[in-house]
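Below: one structure, written as structure tokens.
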Amino acid sequence: MREAFDALHTNVQRKLWDMRWTELRPIQVQAIRHLLGKGGDCILSSPTASGKTEAAFLPILSAIADDPAGSVRAVYIGPLKALIDDQFRRLEELCERLEVPVHRWHGDVGDGARRRLLAAPGGVLLITPESLEAMFVRRATAMPRLFRRLAYVVVDEMHAFLGTERGAQLVCQLHRLRMRAGCDPVRIGLSATLGDAPSARGWLRPGGPAATLIEDSASETTLAIRVRGLWRRAPRAGGEREDAIEVDTSLVELARAILLAGKGNTNLIFANAKSRIEALADALVREAESMQLADAIVVHHGSLSKEMRAHAEERLRAAGPCSAVCSNTLELGIDIGQIDEVVQVSAPWSVASLVQRVGRSGRRAHARRVLRGYFVEDAADAQSVVWDGLHLEFLRAVALIELMLERFLEPPHLGRAHASTLIHQILSTLAETGGATAAVLYARVVGSGAFAAATPESFAEVLRELGRRDLIEQMGDGSLVLGDRGQDQVDHYTFYAAFHAPEELRVLHGDDVLGTLAEVPPPGEHVIFAGRRWRVDAIDMERRAVFVSPSKGGKPPAFISPPGLVHPEVHRKMRELLLGGNEPAYLDDVAKAILKSSRATAARVGYFAPSAQPFAGGLRLFLFGGTRVHKTLYLVLARAGIDVDVYDIGLEARGATENIVDTLRAFANAPDPEGLAAFADEKLEQRRFGREKFEPFLPPSLWRAVFVREELDIPSVVVMVQGITS
DNA sequence: GACCTGCTGCGGCATG
């Protein structure tokens, strides 16, 4: 412990004295020993608020303090802008006594700050993968100067990248950076929620030595959980006025309950979907007013302008009570002021997400964490639709809380082909280099190890397809350059993100930019946005802008996104909750009644194992097998022309029962995954299954092979069908 | 009935 402190640079030590640190946390001691000792790539894995960022940067700053210039010396890559801004503040403070400059670069960072970095590269740079991508495309010639002496790369919130498009992009970028700037920095990953830390060791540097795993499982602060249930009431009309909207009385009741429990505190309220976030914010603003509460209500999500987000963040940091209704833009790492309580309205998709959200509260010493859950459910009776009577979203939330208490975390989906991101990185590398031979391109992109499934043959096949589609073309000397359509892709500002997002229009009130919307109501209609009510005055498609003015009416906006993946373990726990008789102590009386109602519904349909239950309109499949298995079965039935819906834990197929059962049996007896893939390729809307950004540019045969391998789960489906149809 | 994350350059204008 003492020797770890002694190993730090004198001015880092002085700063710690200034900040009145009395001791180093265990993860910090271990990280200092490792990074200032034998060194090498490492993963720092410890609970939220255990000081991981400092664990990485105390030794990094100590190592570069006497030699901070000549190029950027350390890069920090974060998944969220708000997180980068927060870490920027903390690092600036840490660097106060050092000669180490701290820079940040993301979409909301102004020209001035960018020019300062370009003029005198040095110290630490905080950046998103998307902004780094933009550097490769637009400023490739400056990159050697910027990163020549780069010694460290810190990947924060590593779990947010593992097994995702952005993760493959990031791993490829690190390799490309090495090729471009001749640097080979030590790679350091940070996370509090790695579902499988040992398997993450090989991710930071594929094909290279595995990272050293530095773990500190110090027990978390005490956590108080309270889950409150509310029964939904019938909506009533809002009155005669033209701009009045239907008033959802349960939303009003929900808002009132949240305000009463949280008043006088600083709270984060997670409501999952942007549409729901806006609806709840609107209700909270109105109720706070009618209750004459001084508490501020602010909104924070990714479709709001930087000004709106900055306002919310400032208000949270300021003294005085404040509640922020937010999406996962405030989920990770952020340490904004003193958050007293975390409120979760409806269920998130994963345990990891819940753990991160809970980790936003109680970050000061001796403060406890508080999680309040709220669920509005329809009262069910014997006539109710079974799916409603199971109260699936509520059940999922309780399952996630139970799994969190058992310390379960979803393992990442590693080893994926990431074919969409492969194309992204091919196009980006051609923009970066201005042109390259296939061999060079292979070395730069596939050589990163981010695309484990790519072979020289499949890579060549992808290149040929890109050529056929005018995305790339071959010059006389054999080298490859961007084609017309490839240049169009790369020139558009939406290119830099590896993930798909719908095109959006800017929402303007006078000169103020409120944010962006993909689904805009026609002029004359009303919309709730940024926590306020607006009338749509005009839409200018050419300028891609919507003009709004304040109004009294409004309804929440729609956003387009495919549903998330639920891990089979979460479904297993939901089923266990239905079968078991215990009542978690954190449920209030209504929540207990909701759980009881779920169990009564399950008993009424005789559900005790995965099963197929006939009903008047067809067959209901209660599966609890995880989203991948359900999607596979959805395809089996939809391909046979059967009308089918997915309901979290199962499916509802409509039509003649015999036909449905025969279709399932026929598939189990002779599965043809390729047929399912072909059907998905031809018929499936992007909305339902969420195809990745550049998948439309893949050779169809390759797309289908990847789809079969990664999106379908044939063995599980065969076993399940045999079980439910025997 | 179903999540979210992120994003450049430039022209036009006002200001010192």
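When reading the values below, keep in mind they use all heavy atoms of this one structure, side chains included, and skip hydrogens, waters and symmetry mates. Given the structure is predicted, the values throughout are model-derived calculations rather than measurements. Within every chain, numbering begins at 1; the chains are lettered A, B, ... in the order of the sequence lines, protein sequences first and strands thereafter.
- Close to B:dG6, at under 4.0 Å from its OP1 or OP2, lies no side-chain N or O of A:S303.
- In this structure, the nucleotide among B:dG9, B:dG1, B:dG6 sitting nearest to the side chain of A:E393 is B:dG1.
- In this structure, A:F495 forms no aromatic stack with the base of B:dC7, since the conditions of centre separation below 5.5 Å and plane angle below 30° are not both met.
- Across the protein-nucleic acid pair, A:I84 atom CD1 and B:dT5 atom C1' stand 12 Å apart, rounded to whole Å.
- Between A:R309 and B:dG6 there is a side-chain polar atom (N or O) within less than 4.0 angstrom of OP1 or OP2.
- Protein atom NZ of A:K81 is 9 Å distant from nucleotide atom P of B:dT8, rounded to whole Å.
- In the set B:dG6, B:dC3, B:dC4, the nucleotide with an atom closest to the side chain of A:N328 is B:dC4.
- The side chain of A:A497 approaches B:dG6 more closely than any other nucleotide in the set B:dG6, B:dT8, B:dG1.
- The nearest whole Å value for the distance from the CG atom in A:L651 to the P atom in B:dG1 is 15 Å.
- Across all strands shown, A:R396 has no heavy atoms under 4.0 Å from either base or sugar-phosphate atoms.
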Tell me, with the steps shown, if A:H159 and A:S191 meet side chain to side chain donor-acceptor pair (under 3.5 Å).
CA-CA 6 Å; A:H159 65 276; A:S191 179; 2.9 Å; yes
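- Listed for the A:K52 side chain is no donor-acceptor partner under 3.5 Å among the backbone atoms of A:D156.
- In this structure, the nucleotide among B:dT8, B:dC4, B:dG6 sitting nearest to the side chain of A:Y496 is B:dT8.
- A straight line from CG of A:L505 to P of B:dC7 spans 20 Å, rounded to a whole angstrom.
- Within the 4.0 angstrom heavy-atom criterion, no nucleotide atom of any strand lies near A:H492.
- For A:T494 and B:dC7, the shortest distance from a side-chain N or O to OP1 or OP2 is not below 4.0 Å.
- Between A:F495 and A:F694, the angle of the ring planes goes over 60°, which puts this pair in the perpendicular group of the 30/60° scheme.
- Other residues, nucleotides and ligands contribute at most 12 non-hydrogen atoms within 6.0 Å of the CZ atom of A:R116.
- Between A:L118 atom CG and B:dT8 atom P there is a gap of 13 Å when expressed in whole angstrom units.
- Protein atom NZ of A:K306 is 14 Å distant from nucleotide atom P of B:dG6, rounded to whole Å.
- By the criterion of a centre-to-centre distance under 5.5 Å and near-parallel planes under 30°, the ring of A:Y493 forms a stack with the base of B:dT8.
- Of the residues near DNA chain B, A:G302 and A:D491, the one whose nearest nucleotide (by heavy atom distance) lies more toward the 5' end is A:G302.
- Residues A:F529 and A:H509 place their aromatic rings such that the two centres sit no closer than 6.0 Å.
- Using the six-membered ring where Trp is involved, A:F622 and A:W387 have ring planes that are tilted, between 30° and 60° apart.
- At least one donor-acceptor pair closer than 3.5 Å links the side chain of A:E710 to the backbone N or O of A:A417.
- Within 4.0 Å (heavy atoms only), A:A501 reaches at least one base atom of the nucleic acid.
- Listed nucleotides B:dT5, B:dG6, B:dG9 differ in distance to A:T128; the shortest reach to its side chain belongs to B:dG6.
- Look at A:R139 and you won't find any side-chain N or O under 4.0 angstrom from OP1 or OP2 of B:dT8.
- In this model, the phosphate group of B:dC4 is not approached by any side-chain N or O of A:R357 to a distance below 4.0 Å at OP1 or OP2.
- The distance between atom NE2 of A:H300 and atom P of B:dT5, rounded to the nearest whole Å, is 9 Å.
- Whole-Å rounding puts the A:Q356 CD to B:dT5 P distance at 15 Å.
- Among the protein residues, A:S131 comes within range of the sugar-phosphate backbone only, with heavy atoms under 4.0 Å from sugar or phosphate atoms but none that close to a base.
- Nearest nucleotide to the side chain of A:S327, out of B:dC4, B:dG6, B:dT8: B:dC4.
- At a threshold of 4.0 angstrom between heavy atoms, the contacts of A:T329 are confined to the sugar-phosphate backbone, with no base atom among them.
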